[in-house]
Colleague: 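The structure under discussion is supplied below as structure tokens; questions concerning it will follow.
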Amino acid sequence: MPHPANWLGAGLVALASAAQAAPSTEELQKQIDALRSTVEALQRQLDDARRVETAAAPAPGAIVAAETGADPTTVATKEDLDGLRADLENYKYEQQRNRETKTALTSRGTTIGGTIVARASYQDAPTSAGSSAVTDDRYSSFDIPTATLNFSGSLYRDYAEGRNLDYRLAFQYAKTTPATSNSNFNVTDAYLRYSFFPTLTGLEEPKLTLTLGQQQIPFGLEAQVGEELRPVINSAQFLSGLGVGNRQIGLILRGDYDPYVDYGFNYRAPLLEYAVGVVNGNGPNKSDDNSEKDWLARAAVTLPVDYNSLLRELKIGASWYKGTKNLADKSGVVSHGRSDRYGFDVYYNHDPFGVTYEFAEGRDEYLAADKSIGGTTRSRGQYLTLFYTWGEQWVKSFRGQAKYDDWWPKSYQAFLRWDQYDPDRSKPNDRTTISTGGLNVFFAETTKFQLNVNHYAYDDAARESVNEYLAQFQFGF
């Protein structure tokens with residue numbers, strides 16, 4: 001097939017011969033039109049030939065692939081690389097802007113957590129209208145009894161051994177007076193904690209920490225259990241009656257010894273847990289109000305048995321608190337008196353059954369009319385809790401399954417509690433006994449719904465027993 005360029009040369013020669021013949025104007029126009037058609041046909045053929053040559057030529061990526069021996073489909077061209085660089089720059093800019101405009105930033109690594117509790121209550125005897133708390137007889141109420149917010153992290157993180165210096169700052173909103181707008185929003189925890197022993201060497205190593213600041217004192221069982229783990233809605237009576245549920249400002253050393261570890265069940269049970277400390281003794285968010293300090297100690301022994309033993313997680317503990325308080329009359333502080341606390345507790349949790357028992361006694365000196373120590377008020381509280389748990393929330397194999405968002409295996413817990421408190425054992429008929437039955441439904445890792453029925457019985461014959469019904473939804477984040 002002749003090349004299109006040869007056809008174009010022949011056409012030009014014919015055009016020159018025609019010009020020499022000097023044809024008429026009409027004939028010349030016909031020849032020009034015919035020549036124009038020939039040129040257009042030749043141009044189309046030339047374009048087709050170029051497209052065929054381009055299609056047959058190897059792509060740049062194929063040439064590189066042929067030289068390097070790589071798969072032609074995996075070789076990127078310069079245009080591909082430029083596009084990838086542009087996409088990366090756009091992604092980097094978007095992430096940086098989101099971090100600057102939509103993310104809370106701190107100078108140190110910080111974990112934010114908290115709890116929100118919503119409650120509905122009803123009792124079959126009205127709250128007296130004569131009380132300063134209410135203006136009319138009241139049988140029911142909706143409340144937000146508590147809401148907490150906490151920040152925690154490490155001021156110094158030892159990546160080699162884990163001798164970290166950690167911090168915690170926590171706030172709590174608490175409803176203080178029913179039927180009014182009064183409430184408190186205060187600091188609950190504010191402390192620094194140093195780990196003496198390495199924490200990165202395994203669960204079988206003992207722990208030892210020193211905590212300085214405002215913190216929960218290590219007395220008994222229930223005082224150290226947060227909202228997330230406590231089975232009942234209302235705490236044991238003696239926590240507030242004896243003051244052992246309060247935070248204190250001071251220095252506390254905590255540790256354990258000879259832990260038994262079963263990695264298959266993610267189980268760790270120290271043979272001995274201990275704590276000793278010194279605190280101000282007059283409650284949270286306060287400087288000391290006298291020159292004396294309060295001393296405390298606690299020890300708990302867990303039976304050294306394996307995970308499959310019937311006696312697994314049987315723990316026996318004892319707590320001691322030696323305090324000093326100001327004794328005052330109308331003229332002011334007159335003297336100092338002792339304010340001591342003693343406790344004993346038993347904890348047994350062998351899934352699905354569990355039992356907790358705690359006993360606490362307080363001894364507080366009081367001022368006589370002649371401004372001398374008039375004697376000692378002895379108070380006593382105790383409770384017994386029986387619970388049964390079923391479901392998959394605490395089964396490791398279920399928790400390890402792939403899940404979406406906040407999906408979590410559900411679990412249920414039914415319990416019974418007997419709680420008794422006597423503020424002054426020398427006085428008759430001032431003891432209160434609360435019997436509670438309830439059900440906890442755990443929807444997610446930090447979410448549960450609670451139903452409690454409380455029966456209040458009084459030794460004082462002048463006071464009638466009261467039934468109280470509570471429904472509470474608790475969410476932790």
Colleague: What do you reckon, are the aromatic ring centroids of Tyr194 and Phe196 less than 6.0 Å apart?
Modeller: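 Judged by ring-centre distance (under 6.0 Å), Tyr194 and Phe196 do meet the cut-off.
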
Colleague: Is a donor from one side chain sitting under 3.5 angstrom from an acceptor on the other, for Gln215 and Arg254?
Modeller: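 Yes.
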
Colleague: Output all residues satisfying ring pair (Phe, Tyr, Trp, His ring centres under 6.0 Å) with Tyr348, sequence neighbours left out; order by chain, then residue number.
Modeller: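 Tyr348 satisfies ring pair (Phe, Tyr, Trp, His ring centres under 6.0 Å) with no other residue.
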
Colleague: Hey, are Thr436 and Asn452 close enough side-chain-wise for a donor-acceptor pair under 3.5 Å?
Modeller: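 On atom types as modelled, these side chains do not qualify, holding no pair under 3.5 Å.
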
Colleague: Are side-chain N/O atoms of Asn164 and Asp158 paired as donor and acceptor at under 3.5 Å?
Modeller: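 No - no donor-acceptor pair under 3.5 Å links their side chains.
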
Colleague: Between Gln450 and Gln472, is there a side-chain donor-acceptor contact under 3.5 Å, judged purely by atom types and distance?
Modeller: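 Yes, Gln450 and Gln472 have a side-chain donor paired with an acceptor closer than 3.5 Å.
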
Colleague: So does Arg338 pair up with Asp340, basic N to acidic O under 4.0 Å?
Modeller: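 Salt bridge flag = yes for Asp340 with Arg338.
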
Colleague: Do Tyr366 and Asp364 have a side chain donor and acceptor closer than 3.5 Å?
Modeller: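 Result is no, nothing qualifies.
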
Colleague: Does a side-chain N-to-carboxylate-O contact under 4.0 Å join Arg341 and Glu361?
Modeller: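 Here Arg341 does not pair with Glu361 in a salt bridge, since their nearest N and O are not under 4.0 Å apart.
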
Colleague: Under the side-chain hydrogen bond (donor to acceptor under 3.5 Å, both in side chains) test against Arg247, which residue among Asn186, Thr188, Asp189 passes?
Modeller: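 Answer to the side-chain hydrogen bond (donor to acceptor under 3.5 Å, both in side chains) test with Arg247 among Asn186, Thr188, Asp189: Asp189.
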
Colleague: So, for Asp294 and Gly281, which heavy atoms are closest and what is the spacing to 0.1 Å?
Modeller: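 In terms of heavy atoms, the two residues are closest at OD2-CA, 3.1 Å.
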
Colleague: I want to check a possible cation-pi pair here: Arg268 against Tyr260, using under 6.0 Å from ring centre and within 45° of the ring axis as the test.
Modeller: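 No, Arg268 does not lie over the aromatic ring of Tyr260.
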
Colleague: State which residues pass side-chain contact (heavy atoms from CB on, under 4.5 Å) with Pro206; sequence neighbours excluded, sorted by chain then number.
Modeller: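 Listed in chain order: Phe197, Asp256.
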
Colleague: Could I get the full list of side-chain hydrogen bond (donor to acceptor under 3.5 Å, both in side chains) partners for Glu94, not counting sequence neighbours?
Modeller: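 So Glu94 forms no side-chain hydrogen bond (donor to acceptor under 3.5 Å, both in side chains) with any residue.
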
Colleague: As a test of understanding, state which of Asp459, Asp460, Asp424 forms a salt bridge (Lys or Arg N to Asp or Glu O under 4.0 Å) with Arg431.
Modeller: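 Between Arg431 and the candidates, salt bridge (Lys or Arg N to Asp or Glu O under 4.0 Å) is satisfied uniquely by Asp459.
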
Colleague: Establish, yes or no, whether a centroid distance under 6.0 Å links the rings of Phe353 and Tyr388.
Modeller: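 Here the rings of Tyr388 and Phe353 have centres that are less than 6.0 Å from each other.
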
Colleague: Run the salt-bridge test on Arg85 and Asp82 with the 4.0 Å N-O cut-off and return the result as yes or no.
Modeller: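 Yes, Arg85 and Asp82 are salt-bridged.
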
Colleague: Are Arg417 and Glu222 ion-paired here, with the side-chain N under 4.0 Å from a carboxylate O?
Modeller: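 A salt bridge links Arg417 with Glu222.
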
